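Data first, discussion second: the structure below is written as structure tokens.
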Amino acid sequence: MAILGYKITLLTGMIPPLLIVIGVPNCIFLVNKYHNEYKGHGNKVKALQRTIMKIGNATFLTNLTTASGFATFLVTSSSILREFGLIASVNIMAVFMTSLIIIPTAFTFLEPPADKDMRHLDNNFIGKIIDKFVYVTQNHRQGIYIAFIVILLLSIVGITRIKSTGYMVDDLPKDDPIYLTLSSSKRILMD
């Protein structure tokens with residue numbers, strides 16, 4: 001933000017927690033896959049290579065789609081939303097690159113994971129839940145489709161009943177630049 005000359009605003013102040021929410025799963029996926037690979041063959045370097053190849057591609061695509069979603073704010077008429085979209089999308093990809101570089105690098109210098117570090121892979125409770133999901137999806141398709149349609153219809157009914165009772169800028173003074181920018185953007189969207 002400092003490089004681009006942007007100040008911390010109401011929206012850009014939400015970027016650090018957003019990056020934590022996006023970055024932590026990246027790290028969890030990488031560590032979990034590394035442990036799984038290492039448990040399978042016991043070769044640390046091979047486990048790291050496979051982790052980067054398999055999870056790196058998946059996390060790249062998920063981070064890219066998330067960054068693209070935030071980048072859509074770049075085409076709005078609000079300068080605050082454009083700043084937020086640019087900073088969020090750039091930082092999401094930076095978090096991806098950072099996690100993909102730091103996690104494998106750290107594991108190359110650390111000792112191989114001990115059996116106690118990989119106990120989470122043998123969690124029978126989680127395995128049973130996943131097996132149940134697989135069983136239901138393979139053997140009860142019609143029920144899944146019916147449940148999906150019911151949930152979709154309930155969601156449509158719920159959406160039609162939503163009433164806006166508050167705005168994120170209610171606590172700001174009416175002459176605040178953030179309030180004025182968001183109000184003008186709201187009027188443009190309404191027209």
Side-chain angles (χ1 to χ4, degrees), residues 1-35 48 51-108 120 133 148-191:
M1 288 175 53
I3 291 171
L4 297 172
Y6 296 154
K7 297 195 183 318
I8 295 176
T9 64
L10 187 68
L11 287 176
T12 57
M14 295 187 320
I15 289 178
L18 174 74
L19 295 177
I20 290 170
V21 167
I22 293 169
V24 168
N26 288 349
C27 297
I28 291 171
F29 294 146
L30 288 165
V31 170
N32 194 42
K33 183 64 175 172
Y34 169 66
H35 284 169
L48 287 169
T51 298
I52 293 168
M53 286 172 38
K54 292 179 181 177
I55 298 300
N57 189 35
T59 55
F60 171 73
L61 292 174
T62 56
N63 283 274
L64 182 65
T65 55
T66 305
S68 299
F70 283 105
T72 59
F73 288 129
L74 294 172
V75 297
T76 64
S77 60
S78 169
S79 63
I80 292 174
L81 288 176
R82 280 195 309 269
E83 287 177 12
F84 176 73
L86 177 65
I87 292 169
S89 58
V90 167
N91 280 300
I92 287 167
M93 293 313 293
V95 162
F96 162 73
M97 291 300 297
T98 304
S99 64
L100 197 64
I101 292 170
I102 289 178
I103 299 288
T105 303
F107 281 127
T108 59
H120 64 95
F133 278 125
F148 171 76
I149 290 169
V150 168
I151 292 170
L152 179 65
L153 293 174
L154 288 173
S155 299
I156 291 170
V157 169
I159 287 171
T160 61
R161 294 177 168 220
I162 292 177
K163 291 184 174 72
S164 177
T165 58
Y167 299 97
M168 126 176 126
V169 292
D170 281 347
D171 297 331
L172 295 175
K174 302 292 184 214
D175 59 342
D176 189 282
I178 295 172
Y179 181 84
L180 295 173
T181 303
L182 291 175
S183 295
S184 66
S185 297
K186 182 181 171 187
R187 274 182 269 142
I188 290 170
L189 290 173
M190 296 285 213
D191 295 337

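Bear in mind the structure is a predicted one, so any value in this text is a computation, not a measurement.
Remark: Leu74 CG to Thr76 OG1 distance equals 7.5 Å, nearest 0.5 Å. Taking CG of Asn91 as the start and CE of Met97 as the end, the distance is 14.0 Å to the nearest 0.5 Å. Between the OG1 atom of Thr51 and the NE2 atom of His35 there is a distance of 9.5 Å, given to the nearest 0.5 Å. Going from atom CD of Glu83 over to atom OG of Ser78 covers 8.5 Å, rounded to the nearest 0.5 Å. One distance of note links CG of Leu48 with CD1 of Ile52; it measures 6.0 Å at 0.5 Å rounding.
Pairing each heavy atom of Gly69 with each of Thr72, the nearest pair is O-OG1, 2.5 Å. Heavy-atom minimum distance, Cys27 versus Ile103: SG-CD1, 3.9 Å. Nearest heavy-atom pair across Ile15 and Ala88 is CD1-N, 3.9 Å. Scanning both residues, Ala67 and Ser89, for their nearest heavy atoms gives O-CB, 3.2 Å.
For Ile8, the CD1 atom is loosely surrounded, since the number of other residues' heavy atoms within 6.0 Å does not exceed 12. Counting heavy-atom neighbours within 6.0 Å of Phe29 CZ, excluding the residue itself, gives a total of 12 or less.
A side-chain hydrogen bond (donor to acceptor under 3.5 Å, both in side chains) check over residues 55-70, counting only residues at least two apart or in different chains, returns the pairs Asn26-Asn63. Residue pairs meeting the salt bridge (charged side-chain N to carboxylate O under 4.0 Å, His left out) criterion with at least one partner in residues 10-33, sequence neighbours excluded, are Lys33-Glu37.
Counting only heavy atoms from C-beta outward, the side chains of Phe96 and Ile92 never approach each other to under 4.5 Å. Counting heavy atoms from C-beta on, the side chains of Phe60 and Met93 come closer than 4.5 Å. Looking at Leu18 and Phe70, their side chains come closer than 4.5 Å, going by heavy atoms from C-beta outward.
Although no hydrogens or angles enter the test, the distance criterion places no donor-acceptor pair under 3.5 Å between the side chain of Asn32 and the main chain of Ile28.
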